[in-house]
Novice: 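Let me begin by handing over the structure; questions about it come next.
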Amino acid sequence: MTATNVSPSSGKETDVIIVGAGPAGLSLARALAPSGLSITVVEKQDSATLAEPPFDGREIALTHYSKELMQQLDMWDKVPANEIYPLRDAKVINGYSNYQLHFEQPTMARGKPANTLGFLISNHHIRRAAYEAVTPYKNINLIGGHSIIDVRNEDSNHIEATLDNRQTISARLLIAADSRFSNTRRQLGISAQIHDFGRTVIVFRMRHTLSNQHTALECFHYGRTLALLPLEENMTNCVVTINNERAGEILNMSPAQLAADITKQLKGKLGDMHLVSTVHHYPLVGVHANAFYAHRSALIGDVAVGMHPVTAHGFNLGLSGVGILSKLIIEAVQKGKDIGGQTLLAQYQRQHMPHTRMLYHGTNAMVSLFTNDSHPARLMRSLVLRISNNLPPVKKLISKQLTG
């Protein structure tokens, strides 16, 4: 890969423009690299930040299928082995009840023996691994420190992007991978369903004296939600979601107050706790694009679908989209067909959108129910957990989604 500090010019040509060098964008660049296509990645962050991304508090739950894709893209082995944490099983708790919906440790996943539901890896490690995976390829050109300010797709054979320094780049295909709040998506004329939950996600790591048993815990308490993602046996990533107007209650706590608050929420299940990381917070907004492609352009990652984190499908869906789209593009290259043609892009949407749409709306409906604290909703929440726990076909379907 070459890194470029661009200067104003009349423009240049490439086969594929990828807008955004996050995990989804770089994964697609890596997937397409062996095809020989010239790929230009435009990213507003500089190369130094991409090479050494800072810790941002987010732990990414990965399915077995995502692990396979990351292995194929030379990303998995670039994550330190001691930073890949097994997720053995998961439990869901409603309100103040001790009743638990329990997804047990599997024996099989994707037709192979398995002893985990999935894996947990910090977001900054995934970002670094994706960057390192593309660096050997000379046909990938990274333009760091710049952003796309305009996109024109009027030409039948090309699409043109203008950078913030007025340089123009022409390509046969443009891929938007620049976050769920994508400006590129809007420039392409693709509308999206945006669901602002009115809540804030607050993430941080805690060490504790009792073992977490490598078990994820989703606590739908009244007034807030607390998710526990097991890392080391005595270290857990805590994810608090709370109404925006109350976020300051958490963010203004001292480390000791925060540890005491989480210990109280858990009724001491993990023993004594203390904060061992910085605290980060993010707005909770879900997004689903109404189309996954336009003329000579397509959407991947959070630009296509940005999920509520409760079902841990975000980057898994992003990788799935990368797998589908890259396969179609590589097949087109091998057959001498148009990599930006409408037939190919429509096929990508047909293969990817039905699954994402079902998960997006299903997740939002579940979140709406389990964050509704009215008396009828509390009763329904309890009923849903018991039905899910005691109907094997339902539980098996959910477990299958968790493992990928």
Side-chain angles (χ1 to χ4, degrees), residues 1-33 35-54 56 124 127-128 130-190 192 287 289 293-304 306 318 322 325 329 339-340:
M1 180 183 68
T2 59
T4 304
N5 292 317
V6 295
S7 57
S9 68
S10 59
K12 67 175 186 177
E13 291 189 1
T14 187
D15 290 316
V16 181
I17 300 170
I18 298 177
V19 186
L26 289 179
S27 295
L28 181 64
R30 170 58 185 82
L32 295 179
S35 69
L37 292 169
S38 59
I39 302 161
T40 299
V41 183
V42 181
E43 167 58 42
K44 61 184 178 182
Q45 294 187 350
D46 59 33
S47 298
T49 303
L50 293 173
E52 287 296 333
D56 62 13
H124 70 293
R127 292 177 63 89
R128 182 188 298 113
Y131 180 80
E132 291 177 357
V134 301
T135 53
Y137 291 91
K138 302 300 182 183
N139 57 324
I140 298 177
N141 179 39
L142 173 64
I143 300 177
H146 289 275
S147 57
I148 301 289
I149 61 171
D150 187 39
V151 174
R152 297 193 177 202
N153 55 3
E154 300 165 357
D155 188 315
S156 60
N157 296 316
H158 292 86
I159 186 167
E160 187 178 272
T162 303
L163 276 65
D164 53 9
N165 69 343
R166 311 313 299 180
Q167 183 191 28
T168 60
I169 307 174
S170 177
R172 291 190 283 160
L173 176 64
L174 180 143
I175 306 295
D178 55 335
S179 90
R180 66 186 66 193
F181 306 109
S182 172
N183 186 48
T184 309
R185 183 181 60 222
R186 288 194 295 272
Q187 292 171 346
L188 292 170
I190 300 176
V287 176
Y293 75 98
H295 178 66
R296 294 205 168 271
S297 55
L299 315 181
I300 61 167
D302 280 359
V303 183
V322 166
L325 184 56
I329 293 172
I339 63 170

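Numbers here simply count residues along the sequence, with the first being 1.
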Novice: So which heavy atom on Leu174 is nearest to which on Ala161, and how close?
Specialist: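 Smallest interatomic distance, heavy atoms only, reads CD1-CB, 4.1 Å.
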Novice: With side chains defined as the heavy atoms from C-beta onward, is the minimum distance between Leu142 and Leu50 less than 4.5 Å?
Specialist: yes
Novice: Can you list the residues that meet the side chain to side chain contact (heavy atoms under 4.5 Å, CB included) rule with Ala24, with sequence neighbours excluded?
Specialist: Ile300
Novice: Once side chain to side chain donor-acceptor pair (under 3.5 Å) is applied, do any residues pair with Thr162, and if so which ones, sequence neighbours excluded?
Specialist: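 Not a single residue meets the side chain to side chain donor-acceptor pair (under 3.5 Å) criterion with Thr162.
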Novice: Report the residues that fulfil ring pair (Phe, Tyr, Trp, His ring centres under 6.0 Å) with His158, sequence neighbours left out, ordered by chain and then residue number.
Specialist: none
Novice: Not counting sequence neighbours, which residues clear side chain to side chain contact (heavy atoms under 4.5 Å, CB included) with Glu52? List them please.
Specialist: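 Glu52 satisfies side chain to side chain contact (heavy atoms under 4.5 Å, CB included) with Arg128 only.
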Novice: Apply salt bridge (charged side-chain N to carboxylate O under 4.0 Å, His left out) to Arg185 and list each qualifying residue two or more places apart in sequence or on a separate chain.
Specialist: none
Novice: Taking side chain to side chain donor-acceptor pair (under 3.5 Å) as the test, write out the residues that go with Thr14, two or more places apart.
Specialist: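 If we apply the side chain to side chain donor-acceptor pair (under 3.5 Å) test to Thr14, skipping adjacent residues, the hits are Ser38, Thr40.
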Novice: Can you confirm whether Ile148 sits close enough to Asp178 that some side-chain heavy atom of one is under 4.5 Å from a side-chain heavy atom of the other?
Specialist: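 When only atoms from C-beta onward are counted, Asp178 and Ile148 do not touch, as no gap falls below 4.5 Å.
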Novice: Can you name the residues that form a salt bridge (charged side-chain N to carboxylate O under 4.0 Å, His left out) with Asp302, not counting sequence neighbours?
Specialist: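 Residues passing salt bridge (charged side-chain N to carboxylate O under 4.0 Å, His left out) with Asp302: Arg180.
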Novice: Can you check whether Asn141 reaches Lys12 side chain to side chain, under 4.5 Å on heavy atoms?
Specialist: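 Side chain of Asn141 against side chain of Lys12, heavy atoms only: contact under 4.5 Å found.
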Novice: With sequence neighbours left out, which residue pairs that include part of residues 15-28 fulfil the salt bridge (Lys or Arg N to Asp or Glu O under 4.0 Å) condition?
Specialist: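 Residue pairs passing salt bridge (Lys or Arg N to Asp or Glu O under 4.0 Å), neighbours aside: Asp15-Arg172.
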Novice: Side chain of Asn139, backbone of Leu37: donor and acceptor closer than 3.5 Å?
Specialist: yes
Novice: Using every non-hydrogen atom in the two residues, find where Val41 and Gly20 come nearest and quote the distance to one decimal.
Specialist: CG1-O, 4.0 Å
Novice: Residues in side chain to side chain contact (heavy atoms under 4.5 Å, CB included) with Ala130, at least two apart?
Specialist: Leu26, Met75
Novice: Do Ser297 side-chain atoms and His295 backbone N/O form a donor-acceptor pair below 3.5 Å?
Specialist: yes
Novice: Using every non-hydrogen atom in the two residues, find where Ala21 and Arg127 come nearest and quote the distance to one decimal.
Specialist: O-NH2, 4.5 Å
Novice: Of the non-hydrogen atoms in Ala133 and Pro136, which two are nearest, and what is the gap between them?
Specialist: O-CD, 3.4 Å
Novice: Just to verify, which of Leu299, Val19, Leu28 counts as forming a side chain to side chain contact (heavy atoms under 4.5 Å, CB included) with Ile175?
Specialist: Leu28
Novice: Do Asp150 and Glu160 come close enough that some side-chain heavy atom pair is under 4.5 Å?
Specialist: no
Novice: Could you work out, with side chain to side chain donor-acceptor pair (under 3.5 Å) as the rule, every residue matching Asp56, not counting sequence neighbours?
Specialist: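 Scan of Asp56 (side chain to side chain donor-acceptor pair (under 3.5 Å), adjacent residues dropped) gives Arg58, Asn123.
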Novice: Within the 4.5 Å heavy-atom criterion, are Val303 and Thr184 side-chain neighbours or not?
Specialist: no
Novice: What residues, two or more places apart in sequence or in another chain, satisfy salt bridge (charged side-chain N to carboxylate O under 4.0 Å, His left out) together with Asp164?
Specialist: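 So Asp164 forms no salt bridge (charged side-chain N to carboxylate O under 4.0 Å, His left out) with any residue.
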Novice: Does Leu173 reach the side chain of Ile329, with side-chain heavy atoms less than 4.5 Å apart?
Specialist: yes
Novice: List for me each residue that meets salt bridge (charged side-chain N to carboxylate O under 4.0 Å, His left out) alongside Arg186, sequence neighbours excluded, and say none if there are none.
Specialist: none
Novice: Is there a donor-acceptor contact under 3.5 Å from the side chain of Arg296 to the main chain of Asn157?
Specialist: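 Flag set: sc Arg296 to bb Asn157 pair under 3.5 Å.
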Novice: Please lay out, stage by stage, how Gln187 and Asn153 fare under the test side chain to side chain contact (heavy atoms under 4.5 Å, CB included).
Specialist: CA-CA 10 Å; Gln187 292 171 346; Asn153 55 3; over 6 Å; no
